[in-house]
Amino acid sequence: MAKGRLVVVGTGLITPAHLSLEAKSYIESCEVMHYLMTDALAEPFLKELSSKNKNSICKDLGDFYFKGKNRLESYNMMVDEILADVRAGKSVCAVFYGHPGVFVYPSHKSITIAKSEGHEAKMLPAISAEDCLVADLGMDPGTLGCQNYEATQLLFYQHQVNVCAPLILWQVGVVGDVTMSTELVPAKKGVDMLKDKLFNWYPQTHEVILYEAATLPLMPPRIDVKTIAGLKEEDINIITTLIIPALSKPALDDSFCKKWGVQIN
Ligand SMILES: C[S@@+](CC[C@H](N)C(=O)[O-])C[C@H]1O[C@@H](n2cnc3c(N)ncnc32)[C@H](O)[C@@H]1O
C-alpha cells in the first residue's frame, strides 16, 4: 500500500481570522482537502486556498452528514472517505471548524487508523470555543481550575463535579439525546434532566452563562446570564456552550500544608 500523509487542521471559530499560518500552508499544498464546515463563508475561502495547488481537489465531508442512520455512522463514513485518499498515497488535509481535536470524532479516528496502517498523520492545534470563552468572559483556568464535560455524558454517568472550579458543558443543544440523531435537538425533557442533575451540586438560583462565541468578524459574542432553574430549551442553540461558574472557593488543605511545613497567606 502506498504511504500517504494526513494533516488535520482547524479553522478556529472565525474564518479566516483564526486560521494559523501553519494550517494555511498545509491547505495550500495538499493534494486533497476534505472539509467539514458550519459556516458557509468558510467554504469558498478554503477552496480558494486549496486551489494554490493546481492539482488539488476538495471534498465536502458534509455530504455524508445525512447519509448515515445517525451521527456516528455519518462520522465513520467521513473517516472512510478521508482514509481512502490517504491509502491512495495522497497528501491529505482534513479541515474542521474550531480546534479539530475538541469534540470532533472523525479527526481523532482518522489519525489513529492512518498511523496504525503506517501512514504519516498528525493534528495541528487551533482556536476552540473554549479559547474564545476564556477571552470573552475573562475566565482564566489558572485561577480556580476548570472542568469540561459533554452535557449528555454528565447526565448519564457518575461524574464528580467540583463546585469550587468552573464547569464548562459542551453540546447542551443536544443534551440527553442518546440516539445520536442528525437532527441535532435536545432529548425530550433533556433540559429538565440537565437541571435535575445540576441541582445535585448547585442551588436553583445559581447563575450560569449561555455562551456563543462570535463566528463573524465584528459580531459580539452571546453572553446571557440565567439561573439554573430559569434555563429553557428555547434559549439553547446548537452552538451554545453552558458555563457554570464556581459556587465557592476551595478550602485550604490545612493538614497537608502542616505536614509539608507550608504556610499560605
Ligand atoms: C462538535 S463540538 C465542536 C467544537 C469545536 N471543535 C471547537 O473547537 O470549539 C460542538 C460544540 O462546540 C461548542 N461550540 C461550537 N461553536 C460554538 C460557538 N460559536 N460558541 C460557543 N460554543 C460553541 C458547543 O458546545 C457545541 O455544542
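Whatever order the structure lists them in is the order used to number ligands and atoms, beginning at 1.
- Annotation: ligand 1 has protein neighbours Leu13, Tyr97, Gly98, His99, Val102, Phe103, Val104, Ser128, Ala129, Trp170, Gln171, Tyr211, Glu212, Ala213, Thr215, Ile238, Ile239, Thr240, Thr241, each with a heavy atom less than 4.0 angstrom from the ligand.
- Atom OG of Ser107 and atom NE2 of His34 lie 14.0 Å apart (nearest 0.5 Å).
- Here His206 contributes atom NE2 and Ile228 contributes atom CD1; the two are 5.5 Å apart, rounded to the nearest 0.5 Å.
- Shortest non-hydrogen contact noted between Leu231 and Lys195 is O-NZ, 2.9 Å.
- Cluster membership check: Ile236 does not share its hydrophobic cluster with Val185, using side-chain heavy-atom separations under 4.5 Å among Ile, Leu, Val, Met, Phe, Trp and Tyr.
- One finds no salt bridge joining Lys226 and Glu207 here, because no Lys/Arg side-chain nitrogen approaches an Asp/Glu carboxylate oxygen to under 4.0 Å.
- Ion pairing between a basic and an acidic side chain is recognised when a charged N comes within 4.0 Å of a carboxylate O; Arg222 and Asp224 show such pairing.
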